[in-house]
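Every chain is numbered from 1 and lettered A, B, ... according to where its sequence line falls, protein lines coming before strand lines. A quick note: this is a predicted structure, and the numbers were derived from the prediction, not measured.
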Amino acid sequence: MNITEDKKPTPSNFIRRIIDEDLRTGKNNKKVATRFPPEPNGYLHIGHAKSICLNFGIARDYNGTCNLRFDDTNPAKEEIEYIDSIIDSVHWLGFDWENRLYYASDYFEKLYQCAVQLIEADKAYVCDLTPDEIRSYRGTLTEPGKESPYRSRTNIENLDLFARMRAGEFTEGSRVLRAKIDMASPNINMRDPIIYRIRKVHHHRTGDKWCIYPMYDFAHCISDSLEAITHSICTLEFEDHRPLYDWLIDELKMPNHPQQIEFARLNLNYTIMSKRKLLELVQGKLVNGWDDPRLPTLVGLRRRGFPPAAIRDFCERIGITKQESVVEMGLLEECVRDELNKITPRAMAVLNPIRIVIENFPENTVEELDAPWHPNNPDMGSRKIPFARIIYIEKEDFMEIPPKGFFRLTPGQEVRLRYAYFIKCHNVIKDPINGEIIELRCTYDPETRGGNAPDGRKVKGTIHWLAAEQAIKAEVRLYDRLFTIANPDAQKDVDYKSFLNPDSLKALPDCFIEPSLAKVNPEDKYQFERLGYFCVDQDSTTAKLVFNRTVTLKDTWKKSN
RNA sequence: UGGGGGAUCGUCUAGCGGUAAGACUACGGACUCUGACUCCGUCAACCUAGGUUCGAUUCCUAGUCCCCCAGCCA
């Protein structure tokens with residue numbers, strides 16, 4: 001939990017102020033205990049990262065603890081695969097729960113006993129109404145509900161029935177255990193909520209030991225209390241569950257009464273955060289798995305090349321409030337650039353090559369030039385880059401008839417090849433059939449070796465390049481936002497999938513990178529100068545290197561043209 | 001039309017009775033062997049109407065708009 005590189009203090013927020021006050025008044029024995037409680041029914045996404053950073057960040061800053069607890073009360077939807085991935089993602093994000101890994105399913109026996117206790121206190125009953133009946137008895141938003149005819153069963157009968165539910169005597173859906181609260185409550189959650197249901201399915205941890213499973217409202221507050229959580233932080237939609245949370249803790253006379261505090265979940269534009277929709281994209285093969293680099297999942301962002309420190313920084317910058325909001329993707333990207341700028345070595349790559357022949361450079365000669373790994377950080381050292389008669393430059397860096405302000409290569413305009421020489425273009429060779437430029441004939445000034453002219457002559461442009469024969473082939477995958485509109489979720493009558501960006505992935509199989517990158521490993525990150533930040537993909541092999549473009553560099557030239 | 005929440009620059013977030021602040025974006029400019037980084041600067045907001053007050057984004061009242069809740073999901 002020691003994130004040493006995060007030097008700036010985390011900005012305060014309303015939750016931290018509540019904790020400050022609790023500490024001041026001596027509440028909870030001056031302890032702070034939080035938890036991150038995912039349900040293992042999907043992969044974590046950046047919205048979860050907000051919650052993780054909040055909960056673990058508070059524990060870190062207040063010298064408290066944060067537990068990782070799987071809320072695994074619905075075996076029908078949950079899988080080991082998700083558990084493994086969640087554990088991995090939280091660690092990757094930079095947080096640790098030491099020996100405090102818990103599962104709601106670890107508490108099933110205690111939970112059962114709590115339910116018995118509730119029955120004995122005449123605060124719960126077994127109800128035989130069908131699901132449809134229960135719904136209609138519940139009333140509506142504006143009308144009170146009706147009491148179930150089974151509400152007045154004796155405790156003896158309830159105890160017997162509940163034990164038999166556990167023993168598997170009844171079919172799924174035939175009976176439930178309900179809390180006895182108030183069918184006329186204006187808060188629908190208090191209208192005798194179901195706390196146990198029969199589910200004859202295999203649980204990924206408890207196997208077939210149970211055929212009744214507690215509902216979230218019942219399991220969550222008790223789990224929090226058992227773990228002596230002091231501040232139970234959740235999202236806004238649970239706000240009207242809080243009275244039930246408090247009611248259960250009180251009625252069960254639990255020794256600890258955690259305080260539930262709600263905050264607004266994260267929304268990001270140009271993407272979706274709903275687990276259901278993410279699952280739909282994955283299962284429908286609209287993306288290539290949970291770790292598709294276009295997805296806002298943590299595994300996706302990781303594969304895309306987002307450093308965990310950037311995600312943590314982002315979570316701090318967006319703040320914590322109860323206001324629902326949609327954060328701009330641009331902010332996340334800015335956090336990523338900010339981090340990557342500090343940590344990545346620079347390298348040269350040419351994505352769309354155009355061939356140049358340096359006519360006055362000797363054939364069969366290769367020069368080695370020095371290039372620092374990071375222009376602003378000499379500690380990162382330098383590498384040698386080969387220079388030869390035939391080189392590649394980026395197609396975009398040459399224009400035969402340039403617009404005003406274009407200071408890259410044009411016929412007659414001298415430019416600098418980064419860390420190499422000044423060159424001038426004298427001839428443009430075109431395909432006689434389609435007129436496409438196939439080669440540029442240039443000359444270099446040997447006096448400018450390393451990139452500076454002894455006569456003090458300046459050039460406007462510096463472009464990246466690669467010696468053709470020495471360059472290594474690589475595939476580069478370019479990513480763009482997943483959706484074409486800012487809020488694909490919000491459209492009422494149009495399916496969000498129709499806003500999927502058809503150009504969100506562009507694979508360029510024939511790119512070139514400098515030879516010093518021959519031995520990279522998956523997740524290695526580089527800035528390809530003037531192009532953006534890139535990350536070695538897990539598909540990459542020594543025989544075939546694959547890079548993902550994490551994010552572009554800012555490009556004020558492109559923007560203004 | 002029940003209950004629970006929320007409204008501050010384009011976006012996110014501070015301010016909690018005393019000159020509305022920061023970040024991102026946008027737009028200028030400086031610097032530059034990355035049109036990057038960095039550095040400077042500019043534009044830009046208190047949902048509405050009343051009230052209390054010397055003074056209201058802040059307190060009060062009444063509205064308006066937005067979000068959530070009628071799963072044996074979490």
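- Rounded to whole Å, the separation between the P atoms of B:A70 and B:U38 comes to 47 Å.
- Note on A:F407: a base of the nucleic acid sits closer than 4.0 angstrom, heavy atoms only.
- With sequence neighbours excluded, no residue forms a salt bridge (charged side-chain N to carboxylate O under 4.0 Å, His left out) with A:D240.
- For the pair A:F238 and A:W557, both in contact range of RNA chain B, the more 5′-proximal nearest nucleotide belongs to A:W557.
- If you check residues 344-353 of chain A against RNA chain B, the residues with a heavy atom closer than 4.0 Å are A:R346, listed by number.
- Nucleic acid contact class of A:R416 (heavy atoms, under 4.0 Å, all strands): base.
- When the side chain to side chain donor-acceptor pair (under 3.5 Å) test is applied to A:Y43, the partners found at least two apart in sequence or on another chain are A:E81.
- Taking 4.0 angstrom as the limit, A:R276 places none of its side-chain polar atoms (N or O) nearer than this to OP1 or OP2 of B:C73.
- For A:D240, the listed nucleotide lying nearest its side chain is B:C69; candidates were B:C37, B:C24, B:C69.
- In terms of phosphate contacts, A:T73 brings a side-chain nitrogen or oxygen within less than 4.0 Å of OP1 or OP2 of B:A74.
- By the 30° and 60° cut-offs, the orientation of the rings of A:Y526 relative to A:W373 is tilted.
- Nucleic acid contact class of A:G405 (heavy atoms, under 4.0 Å, all strands): base.
- Remark: A:K384 pairs with A:D370 by the salt bridge (charged side-chain N to carboxylate O under 4.0 Å, His left out) rule, at least two apart or across chains.
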Just the table, please: protein N/O against nucleotides 11-15 of chain B N/O, every pair under 3.5 Å.
residue : atom : partner : partner atom : Å
B:U11   : O4'  : A:E328  : OE2          : 3.1
B:U11   : O3'  : A:V326  : O            : 3.3
B:U11   : O2'  : A:V326  : O            : 3.2
B:C12   : OP1  : A:V326  : N            : 3.1
B:C12   : O2'  : A:I318  : O            : 2.7
B:U13   : OP1  : A:T321  : OG1          : 2.8
B:G15   : OP1  : A:R17   : NH1          : 3.3

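- Of the listed residues (A:R35, A:R242, A:Q260, A:Q259), just one forms a side chain to side chain donor-acceptor pair (under 3.5 Å) with A:S232, and that residue is A:R35.
- Legend: residues meeting side chain to side chain donor-acceptor pair (under 3.5 Å) with A:Q527, ordered by chain and number and at least two apart, are A:Y533.
- Partners of A:R549 according to the salt bridge (charged side-chain N to carboxylate O under 4.0 Å, His left out) rule, which considers only residues two or more places apart in sequence or in another chain, do not exist here.
- For the side chain to side chain donor-acceptor pair (under 3.5 Å) test, no residue two or more places apart in sequence or in another chain qualifies with A:T271.
- Once rounded to the nearest 0.5 Å, the distance linking CH2 of A:W465 with OH of A:Y392 reads 13.5 Å.
- Rounded to an integer number of Å, the gap from CD of A:E172 to C1' of B:G71 is 14 Å.
- Among the atoms of the strands shown, none is found under 4.0 Å from any heavy atom of A:S560.
- The CD1-P distance, from A:I261 to B:G6, rounds to 14 Å in whole Å.
- Using a 4.5 Å heavy-atom threshold, the side chains of A:F422 and A:Y444 count as separate.
- Residues from residues 127-135 of chain A with heavy atoms under 4.0 angstrom of RNA chain B, sorted by number: A:L129, A:T130, A:P131, A:I134, A:R135.
- Counting any heavy atom pair closer than 4.0 Å across all strands shown, A:K275 reaches no nucleic acid atom.
- Legend: residues meeting side chain to side chain donor-acceptor pair (under 3.5 Å) with A:R69, ordered by chain and number and at least two apart, are A:D224, A:E227.
- In this view, A:D192 and A:R151 satisfy the salt bridge (charged side-chain N to carboxylate O under 4.0 Å, His left out) rule, not counting sequence neighbours.
- Stem regions annotated for RNA chain B: B:2-7 with B:64-69, B:10-12 with B:22-24, B:26-30 with B:38-42, B:47-51 with B:59-63, counting only runs of 3 or more consecutive pairs of Watson-Crick or G-U type with both contacts under 3.5 Å.
- More than 12 heavy atoms of other residues, nucleotides or ligands lie within 6.0 Å of CZ in A:R481, so this atom counts as buried by the packing criterion.
- A heavy-atom distance below 4.5 Å is found between the side chains of A:D106 and A:R205.
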